[in-house]
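Please read the structure below before turning to the comments.
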There are 2 protein chains.
Amino acid sequence: MDIQLQIKMNEKLFLRDPEQSELGKKIIQESIQLIYKNGFEAFTFKKLAIDIGSTEAGIYRYFENKHRLLIYLTAWYWSWLEYQVIFQTNNIQDPMVKLKMVIKLLATTIEDDTNTRHVDESILHQIIITEGTKAYLTKRVSEDNKDQLFKPYKDLCAIIGKMILECSPNYQYPKSLASTIIEMAHFQNFFMNNLPSLTDFADNKDEADIVRFLEDLVFSSIKRPSCL
Amino acid sequence: MDIQLQIKMNEKLFLRDPEQSELGKKIIQESIQLIYKNGFEAFTFKKLAIDIGSTEAGIYRYFENKHRLLIYLTAWYWSWLEYQVIFQTNNIQDPMVKLKMVIKLLATTIEDDTNTRHVDESILHQIIITEGTKAYLTKRVSEDNKDQLFKPYKDLCAIIGKMILECSPNYQYPKSLASTIIEMAHFQNFFMNNLPSLTDFADNKDEADIVRFLEDLVFSSIKRPSCL
DNA sequence: CCTGCAAAGATAGTGTTACTATCTTTGCAG
DNA sequence: CTGCAAAGATAGTAACACTATCTTTGCAGG
């Protein structure tokens, strides 16, 4: 069975849909490699053009600028992750087990999904850890939000928030706890590898420890009422 | 009583100490205004030079580049906040009360501290919320960390971690919980004001709600063992 | 087979950014 | 009054972030 997974993206994210052409797919594929390698600040359309054997002007036909491309990549990632969450929690009844699965998906290294040929998810995951927040930490965030550019992120947050409420219908902060899990899954990973004294995982550098920390955080918070 | 508070900064943060001259202080003062107004991406030394009536070359004598200036501002902020934490928790015995004070300091709007004439802390606080993580979310983070540029942040995290252990000596993740509190105090604030559906504070937009969320998060986590 | 049209390639050009260099002026300390 | 450091003035460069325009390619419909 060879099923190619295609994620339908918001049209405001691009000028021309990169999934619809070879050049477009190469832009996605190689931009992921290049951002991973040099970081988003050092990433330019010029360098990308050279890497894919095209021209700057060619890339500008797909994306307004590099920041839009970053938003596209993050939106793609969160859409893909939402799909993974829905897929992996399908047929699971216990909301606690579902939540644990979500935490695992968020905090654990992702293998490349061969159903999406032009995207290497494991590298994209690394990019999202380091560069993901830069998509929205800007002066333009409200305008971009009006164009629904962050919808995949917000959708995922809403799904996790619902699971939290399923576990604990009286918990007061489901959405904030959801966004906390999402961000901390990434920040603790970044800290563990780069600023280890900000974490308790410096010795082993094991993602499983992050999972345990997040599980502890979440389930202590939402179970507390029943505990009192 | 007129005491001017001066924070001793790591010498690697600058080429020439901005606290030691009028021009230096103007660079700090106006860069805070300019970054607040236009965001870090749009901030340039050229614009800053015009605003302070000096030249680009003049600013380059103080800071290698704008990223170093951002690291300086964040380091200054965390040093100042550490001082506030120590000052405000002085003579408090109960570690839980101390922790609550820390959460309040992290998550609540700061009034301008008149003891530091060239820094407007309330605006700096806003900058740290939006731009703070960009100081370390780079490819250079390990080198910068070796130069101890993030020491103030790490020191604050260590202090909070210690308070957590005072509350609950057996808690396993004091440092990760500390960095979670610090980051979430800012992220939840940013989300509340810019991407409200990621939080549970959209209606009131009240920082006191963030404080309550963080207190709930922290004290559920660290009290759990005694609860079982 | 020709026509038309869209995608992509090729090339050029502009204003801005991120610096670096050098020379002059200012102010003050010895 | 001399010397020296800080700051001002000015210039220059390579890279970056675009925009414009013109040509080529490929292939779809008539």
Side-chain angles (χ1 to χ4, degrees), chain A residues 9 11-31 34-35 37-73 118 131 134-135 138-140 143-144, chain B residues 9 11-31 34-35 37-73 118 131 134-135 138-140 143-144:
Chain A
M9 303 292 289
E11 299 206 345
K12 298 224 170 169
L13 285 164
F14 48 75
L15 299 172
R16 183 173 299 166
D17 187 353
E19 307 258 11
Q20 300 304 321
S21 73
E22 280 314 304
L23 181 60
K25 285 179 205 162
K26 270 209 263 179
I27 290 171
I28 301 308
Q29 193 172 21
E30 289 302 316
S31 65
L34 211 50
I35 294 172
K37 205 173 142 208
N38 304 321
F40 184 66
E41 277 70 38
F43 168 76
T44 68
F45 278 4
K46 179 92 198 173
K47 288 177 199 163
L48 177 58
I50 291 165
D51 276 27
I52 61 179
S54 182
T55 59
E56 250 185 304
I59 296 161
Y60 277 105
R61 289 193 185 106
Y62 284 83
F63 293 100
E64 247 180 271
N65 53 51
K66 72 169 179 167
H67 186 248
R68 281 291 166 123
L69 174 54
L70 179 64
I71 298 180
Y72 179 93
L73 292 177
H118 60 296
E131 322 289 356
K134 296 172 190 171
T138 69
K139 279 279 151 187
R140 281 188 52 93
E143 292 162 67
D144 289 345
Chain B
M9 303 293 290
E11 299 207 346
K12 298 224 171 169
L13 285 164
F14 48 75
L15 300 171
R16 183 174 299 166
D17 187 352
E19 308 257 10
Q20 300 304 320
S21 74
E22 280 313 304
L23 180 61
K25 285 180 205 164
K26 270 209 265 180
I27 290 171
I28 301 307
Q29 193 172 23
E30 289 302 317
S31 65
L34 212 51
I35 294 172
K37 206 174 141 209
N38 305 321
F40 184 65
E41 277 70 40
F43 168 77
T44 69
F45 278 4
K46 179 92 196 173
K47 289 176 198 163
L48 177 58
I50 292 165
D51 275 28
I52 62 179
S54 182
T55 60
E56 252 185 301
I59 296 161
Y60 276 106
R61 289 192 184 107
Y62 284 82
F63 293 99
E64 248 180 272
N65 53 50
K66 71 169 181 168
H67 187 247
R68 281 292 165 122
L69 175 54
L70 179 65
I71 299 180
Y72 179 92
L73 292 177
H118 60 296
E131 322 289 356
K134 296 172 190 170
T138 69
K139 279 280 151 186
R140 281 188 52 94
E143 293 162 65
D144 289 346

Which one, dA6(D), dG9(C), dC18(D), comes nearest to the side chain of Y60(A)? dC18(D)
Would you indicate whether the side-chain heavy atoms of S31(B) and F63(B) approach each other to under 4.5 Å? no
Non-hydrogen side-chain atoms of K139(A) and K37(B) separated by less than 4.5 Å: no
Nearest-angstrom distance from the residue atom CG of D17(B) to P of dA6(D): 12 Å
With no hydrogens and no angle check, is any side-chain donor or acceptor of K66(B) less than 3.5 Å from a backbone partner on E41(B)? yes
What nucleotide, of dT10(D), dT19(D), dA6(D), holds the atom closest to the side chain of A57(B)? dT10(D)
Given Watson-Crick and G-U pairs under 3.5 Å, DNA chain D in dot-bracket ([ ] crossing, | other strand) is ||||||||||||||||||||||||||||||
Measure from the side-chain heavy atoms of R61(B) and tell me the nearest of dA6(D), dG8(D), dC16(D). dG8(D)
Output the single nucleotide from dC19(C), dA7(D), dA18(C) whose closest atom is nearest the side chain of N65(B). dC19(C)
Result for 5'-nearest mapping on DNA chain C, choosing between E56(B) and G58(A), is G58(A)
So which one's nearest nucleotide on DNA chain D is more toward 5', T55(B) or E41(A)? T55(B)
In whole angstroms, the gap separating P of dA10(C) from CD1 of I59(A) amounts to 13 Å
Could you check whether K66(B) gets within reach of a base, just the sugar-phosphate, or nothing at all, counting any heavy atom under 4.0 Å? sugar-phosphate
Do the rings of F45(B) and F43(B) sit parallel, tilted or perpendicular, given the 30° and 60° boundaries? perpendicular
Got a donor-acceptor contact below 3.5 angstrom from the E30(B) side chain to the D51(B) backbone? no
Using OP1 and OP2 only, check whether a side-chain N or O of Y62(A) sits under 4.0 Å from dA7(C). no
Atom CG of L48(A) to atom P of dA17(D): distance rounded to whole Å? 12 Å
Does a nitrogen or oxygen in the side chain of R16(A) sit under 4.0 Å from OP1 or OP2 of dA6(C)? no
Any S54(B) side-chain N or O less than 4.0 Å from OP1/OP2 of dG8(D): yes
